[in-house]
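Worth knowing before you read on, the calculation uses all heavy atoms, side chains too, and leaves out hydrogens, waters and symmetry mates. FYI, the numbering just counts along the sequence from 1.
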Amino acid sequence: MIWRISRASARSMLMALVVLLAGCAQQDEWDSDQVGNFEALWTIMDEHYSFFDYKQVDWNEVHSRYRALVSNDMTDRELFDVCGEMLKELRDGHTNLIASHDVSRYWIWEKNPVNYDERIIDQHYLNFDYKMASGIKYQILPDNFGYMYYGSFSSSIGEGNLDLILSYLSTADGLIIDVRNNGGGLLTNVEKLVSRFIDNKMLAGYICHKTGKGHNDLSDPYAYYFEPTPNHIHYLKPVVVLANRGSFSATNNFVSIMKALDQVTVVGDTTGGGCGLPFTSEMPNGWRVRFSSCPILDPQGRLTEFGVAPDVRVDMNEHNRSHDAILDTAIDILTASTRP
C-alpha cells in the first residue's frame with residue numbers, strides 16, 4: 001500500500017523497522033537445540049508481537065505452560081507441534097510457524113457459518129454468464145444491479161481493467177462487491193479498488209509501529225489517506241459490500257475502509273479480522289515465524305484484529321441450494337435506496 005504520511009512519520013517507521021530487524025536477528029544468545037529454539041520463538045514474539053494486551057494474553061503464563069512440554073530429547077516434529085499450539089494462544093491468522101515439513105496456522109473462521117457458495121451465485125444469479133478481468137468476476141444482474149466478485153487481493157488489479165469493468169457496470173443502478181472468502185493479499189490492491197469509489201481525498205485509517213521491546217511500546221497512531229484515481233472511471237452510486245468470516249487480512253482492511261463511505265452498506269457476517277502488517281523472523285534452526293508487527297486502525301481509530309461488523313447481519317440458509325440470503329438482502333437494500 002502507498003502510505004501518504006509525513007516525512008517525519010516515514011523516518012520514524014523506517015527506524016522502528018530497522019530496530020525490529022536488528023532485534024529479531026540477534027539469535028546468538030540461544031542454543032540451537034530444542035529448548036533454545038523454543039526460547040528463541042517465545043522471545044521473538046514477546047518483544048515484537050503487537051496485540052498481547054488487546055487480546056488479554058498473559059505471555060509469561062503461556063511460557064510456563066508450554067516450556068514444561070519441551071525437552072532436548074524431543075523430535076523436531078514434536079517441538080513444532082508444541083510451538084504451533086503455543087502460537088495458537090494468540091488467536092491470530094497472521095501468525096504462522098514455517099518449517100520444511102509443515103506450517104502452523106490458526107483459522108478463526110473454521111467454527112463459523114461459511115456464508116458463501118460460489119455455485120449458487122454462478123447458477124441461480126449469473127446463469128453461468130459472467131465476465132472476468134484482473135481476478136474480478138462481474139456482470140449486471142436482472143434487477144439492473146452490478147455484481148463484482150473479487151476472490152483474492154493477491155490478484156493484481158490493472159487500472160485499465162478496472163476502467164473496463166466499471167464502464168460496463170456504469171449503467172447499473174447500484175453495485176454489489178462480494179469479497180466473501182477473500183483471504184487477503186496485497187494492500188496496494190485495496191487502495192486501487194477503494195480509490196474508484198471516492199471523489200475526494202479520504203482518511204483510510206491509522207497505523208502504529210513497535211518502538212521498543214515492551215508489549216505496549218507502540219508509536220502514536222498516524223493517519224494515511226486515499227485519493228480518487230485521477231483520469232479514470234469512478235462509481236459513486238449506492239454500493240453494498242458482502243463479507244463473511246473468510247474475509248481476512250487485506251480484505252478486512254478493505255471492508256473497514258469501504259464501510260466508512262456514506263454510499264456503502266456492508267452485509268453478511270463479521271470479517272475474519274487480521275489488522276496487523278505481518279513480519280517474518282528466523283529461529284536458530286532455520287524455522288521462520290510470521291507475526292503481526294504493525295497494527296492498522298480503521299478510519300474511526302479502532303483496531304479490527306477481531307473483524308469488522310456488518311451494517312446488516314445475515315446468514316445463508318445452508319439447506320436452500322438456490323438462494324443466497326446475503327446477496328438477496330443486498331439486492332433488497334439497493335432496490336430500496338435507488339427506486340421510489
Side-chain angles (χ1 to χ4, degrees), residues 109 113-158 160-185 189-190 192-194 196-197 233-248 250-251 254-255 258 263-269 271-272 310-339:
W109 51 84
V114 175
N115 278 328
Y116 177 68
D117 189 324
E118 184 178 21
R119 174 74 185 208
I120 290 176
I121 296 173
D122 287 352
Q123 180 175 351
H124 297 285
Y125 294 83
L126 301 177
N127 295 315
F128 299 108
D129 178 21
Y130 53 83
K131 306 176 188 311
M132 288 281 294
S134 283
I136 297 172
K137 177 191 299 184
Y138 65 101
Q139 185 55 279
I140 296 178
L141 302 175
D143 301 72
N144 200 42
F145 297 126
Y147 176 83
M148 295 170 54
Y149 179 75
Y150 190 27
S152 174
F153 275 98
S154 294
S155 299
S156 296
I157 299 176
N161 297 120
L162 271 180
D163 280 342
L164 292 172
I165 293 171
L166 294 178
S167 175
Y168 180 83
L169 298 175
S170 63
T171 59
D173 296 326
L175 178 61
I176 297 164
I177 304 175
D178 195 343
V179 290
R180 288 177 290 178
N181 281 18
N182 184 327
N189 289 327
V190 173
K192 281 185 179 180
L193 194 53
V194 172
R196 295 307 190 95
F197 298 95
I233 295 175
H234 296 78
Y235 192 96
L236 302 176
K237 299 176 187 179
V239 173
V240 176
V241 173
L242 310 186
N244 67 354
R245 293 299 276 170
S247 305
F248 182 73
T251 314
F254 171 77
V255 174
M258 291 293 287
Q263 78 273 26
V264 174
T265 304
V266 178
V267 174
D269 201 351
T271 61
D311 296 306
V312 181
R313 176 76 166 84
V314 182
D315 282 324
M316 288 178 60
N317 183 345
E318 62 182 19
H319 302 295
N320 190 331
R321 306 306 303 163
S322 63
H323 278 278
D324 181 328
I326 296 174
L327 181 53
D328 287 344
T329 300
I331 293 171
D332 290 343
I333 290 170
L334 289 176
T335 301
S337 65
T338 61
R339 293 164 190 171

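With sequence neighbours left out, the side chain to side chain donor-acceptor pair (under 3.5 Å) criterion links Lys137 to Glu118, Asp122. With sequence neighbours left out, the ring-ring contact (aromatic ring centres under 6.0 Å, His included) criterion links Tyr147 to no other residue. A search for side chain to side chain contact (heavy atoms under 4.5 Å, CB included) contacts involving Ser155 returns Tyr150, Ser152, not counting sequence neighbours. Applying the side chain to side chain contact (heavy atoms under 4.5 Å, CB included) test to Asn127 and every residue at least two apart in sequence or in another chain returns nothing.
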Which is it for Tyr149 and Ile177 under the side-chain contact (heavy atoms from CB on, under 4.5 Å) test, yes or no, and what are the steps along the way?
CA-CA 6 Å; Tyr149 179 75; Ile177 304 175; over 6 Å; no

side-chain contact (heavy atoms from CB on, under 4.5 Å) for Met258 and Val266? Distances and angles first, verdict last.
CA-CA 8 Å; Met258 291 293 287; Val266 178; 5.6 Å; no

Assess whether side-chain contact (heavy atoms from CB on, under 4.5 Å) is satisfied between Ile176 and Leu334, documenting all intermediate values.
CA-CA 9 Å; Ile176 297 164; Leu334 289 176; 3.6 Å; yes

In sequence, state the C-alpha distance, the side-chain angles, and the governing distance for Tyr130 and Tyr138, and then conclude on ring-ring contact (aromatic ring centres under 6.0 Å, His included).
CA-CA 6 Å; Tyr130 53 83; Tyr138 65 101; 9.2 Å; no

Decide yes or no on ring-ring contact (aromatic ring centres under 6.0 Å, His included) for Phe248 and Phe153, but give the supporting numbers first.
CA-CA 10 Å; Phe248 182 73; Phe153 275 98; over 10 Å; no

Apply side-chain contact (heavy atoms from CB on, under 4.5 Å) to Lys237 and Phe197, showing your working.
CA-CA 9 Å; Lys237 299 176 187 179; Phe197 298 95; over 6 Å; no

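The closest side-chain heavy-atom distance from Asp117 to Glu318 is not below 4.5 Å. For the pair Ile326/Asp269, no side-chain contact is recorded, criterion being any heavy-atom separation below 4.5 Å from C-beta on. The side-chain heavy atoms of Thr265 and Val241, taken from C-beta on, include no pair separated by under 4.5 Å. Residues Leu164 and Ile233 fail the side-chain proximity criterion, which asks for heavy atoms closer than 4.5 Å.
From Met148, atom CE reaches atom CG of Leu242 across 11.5 Å, with rounding to the nearest 0.5 Å. Note that OH of Tyr116 and CG of Asn181 are 7.0 Å apart. Values are rounded to the nearest 0.5 Å. With rounding to the nearest 0.5 Å, the separation of CG in Asp129 from CD1 in Ile140 is 11.5 Å. In this structure, CG on Leu175 lies 11.0 Å from CG on Leu236, to the nearest 0.5 angstrom. Note that CG of Leu327 is 4.5 Å distant from CD1 of Ile331, once rounded to the nearest 0.5 Å.
Judged by distance alone, the side chain of Asn115 and the main-chain N or O of Met316 form a donor-acceptor pair under 3.5 Å. A side-chain donor-acceptor contact under 3.5 Å links Lys192 to the backbone of Ile157. Under the 3.5 Å distance criterion, the side-chain polar atoms of Asn182 are left unmatched by any main-chain donor or acceptor of Gly246. Side chain of Ser247 to backbone of Val179: a donor-acceptor contact under 3.5 angstrom is found. Listed for the Ser134 side chain is a donor-acceptor partner under 3.5 Å among the backbone atoms of Gly158.
For Ser154 against Gly185, the heavy-atom pair with the smallest separation is OG-CA, 3.4 Å. For the pair Pro238 and Thr338, the tightest heavy-atom approach, listed with the atom from each and the gap, is CG-CG2, 3.7 Å. Nearest heavy-atom pair, Gly268 versus Pro310, reported as atom, atom and distance to 0.1 Å: O-CG, 3.3 Å. Across all their heavy atoms, Ala330 and Val240 have their closest contact at CB-CG1, 3.6 Å.
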Name every donor-acceptor pair, under 3.5 Å, that has one atom in a side chain of residues 165-172 and the other anywhere in the protein, sequence neighbours excluded.
unit_1	atom_1	unit_2	atom_2	d
Tyr168	OH	Gln139	OE1	2.7
Ser170	OG	Ser167	O	2.7

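No hydrogens or angles considered: a donor-acceptor pair under 3.5 Å links the side chains of Asp328 and His323.
A salt bridge is absent between Asp311 and Arg313: the closest approach of a Lys/Arg side-chain nitrogen to an acidic carboxylate oxygen does not fall below 4.0 angstrom.
Within the structure, every pair that satisfies the salt bridge (Lys or Arg N to Asp or Glu O under 4.0 Å) test and touches residues 163-182, not counting sequence neighbours, is listed here: Asp163-Arg196, Asp173-Arg339, Asp178-Arg180, Arg180-Asp324.
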